Amino acid sequence: MIKIKDLHKQFDQLKVLKGINLYVAKGKVIVVIGPSGSGKTTLLRCLNVLEEPTSGQIVIDDQVLDFSQQVPKRKIPSFRRLTGMVFQNYNLFPHMTALENVMEGPVTVKGEKKETVRKKAEILLGKVGLGDKINYYPFQLSGGQQQRVGIARALAMEPKVMLFDEPTSALDPELVGEVLKVMKDLANEGMTMVIVTHEMRFAREAADEVIFIDGGVIVERGKPEQIFSAPKEARTQQFLSLIQ
Amino acid sequence: MVKMYLNSLFTDPERVSRLIEIGRSSFQPLLEGAIIYTIPLTLISFVCGLALAILAALARISSNKLEQIIAGIYVSAIRGTPLLVQLFIIFYGLPTIGIIIDPFPSAIIGFSLNVGAYASEIIRAAILSIPKGQWEAGYSIGMSYRQTLKRIILPQASRVSIPPLSNTFISLVKDTSLASMILVTEMFRRAQEIAATNYEFLLLYMQAALIYWIICFLLSIVQGRIENRLDRYVSS
């Protein structure tokens, strides 16, 4: 589903990604962990070109973006539609209700009929447990509820891959569970997911593979039980001992 | 002088009835001037100016250097020169090179250019005040720059810019009095013309001032309503 080849990203003089290679099979859940500044969020943002990689290649589904040449601007929106992004700060549209937030993509981008989109959006909001809150504005919702609207909004575009950028980091502890539950349900339905998170218990339970990134490279990867119980690399051991 | 004027009001019943009569009979032409010229001039110029302002604001935040420079010069030139001078250039100056424009359209052009420059700074600041995450959220669901701008950014920016834009609008109402200098027979020019026949300058100009004040007062009520409407999605 996702193939990343020798991906580099440089901000001015700062090299953030130094040659990432990664293959994600369809339906797999990948959790990316690593210290702050390691490049894990940048990697995720490169996948939907919110950050344009300096070089390398990304293939999602059957669409290819090769960053060693100039990527034509018009190719980017259609490439982005392959992925759904969930942000740390939700980034809901504050001037729209939950329902309107979810409907916005299909109506504006895909040009679908409002009535059909409306039904679909109501079902999606029901799925994330907000069937009774569809007409609420973001400011009337808790952080956990807002993040679930964010997930529904991304799903409404029917992406092939869901990207989560620290989806629970901005939440009060008691609200983390409701968001993780929605993510687990999604994983069980066979959605391909790449998740940057600090929720190690979630990674252990839901991930097919855990990737540890440090200094812009993948240091270690493996099954969650292997990474968490018997990390091979010294840097992984050190990182895990600090957070557990 | 003040004493004489007030004295005459108390001691000279004929003077009083004359003032009342002039006040009464001039009210209608003044109001007409407001309705036929002042208000349309304000509305048309504001709408055109706003369109110009959005274009200039977008040009200034675009990545295209040439657009940035053109918009920058426009804003700088308009803000750096007096409105009255601009009106004179358009109405009295341009005929020199063969461009002759009637008073009313001249005024529309002048005021639109003026509003465009001032409002563009307001709109630019409002757009920049919307968090980057909103752009990213729009892009992440596959929206283009234009779609994100139109559906996500401008609706939020408009809420931020209503108070300062109202300010510009109210200033514009009063600035239209300058159109009297290029022969537009708007309200203030009518007051001047009437006063020239009966020498009751204080009365006529006070009357004109009162009508401007009433218009602006009504506008500030409308502003409050719009603000309330647009505030429905933010917690108080």
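Each chain gets a letter, A, B and so on, in the order the sequences are listed, and its residues count up from 1. Predicted, not measured: the structure shown is a model, and the values here were computed from it.
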Where along residues 76-94 of chain A does a heavy atom come under 4.5 Å of chain B, listed by residue number?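 Near chain B, by residue number: A:P77, A:R80, A:R81, A:T83, A:M85, A:F87, A:N91, A:L92, A:F93, A:P94.
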
Residues from residues 107-115 of chain A approaching chain B under 4.5 Å (heavy atoms):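 From residues 107-115 of chain A, the residues near chain B are A:T108, A:V109.
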
Would one find more than 12 heavy atoms of other residues, nucleotides or ligands at under 6.0 Å from atom [atom1] of [X]?
X	atom1	value
A:Y136	OH	no
B:Y205	OH	yes
A:E174	CD	yes
A:K120	NZ	yes
B:K150	NZ	no
A:Q70	CD	no
A:F11	CZ	yes
A:M1	CE	yes

Residues A:M157 and B:I141: closest non-hydrogen pair is CE-O, 3.3 Å

Under the 3.5 angstrom rule, does the side chain of A:H95 hit a backbone N or O of B:R151 as a donor-acceptor pair? yes

If I measure from the heavy atoms of chain B, does A:R45 come under 4.5 Å with its side chain, its backbone, both, or neither? side chain

Once you round to the nearest 0.5 Å, how far does CD of B:Q156 lie from CE of A:M96? 8.0 Å

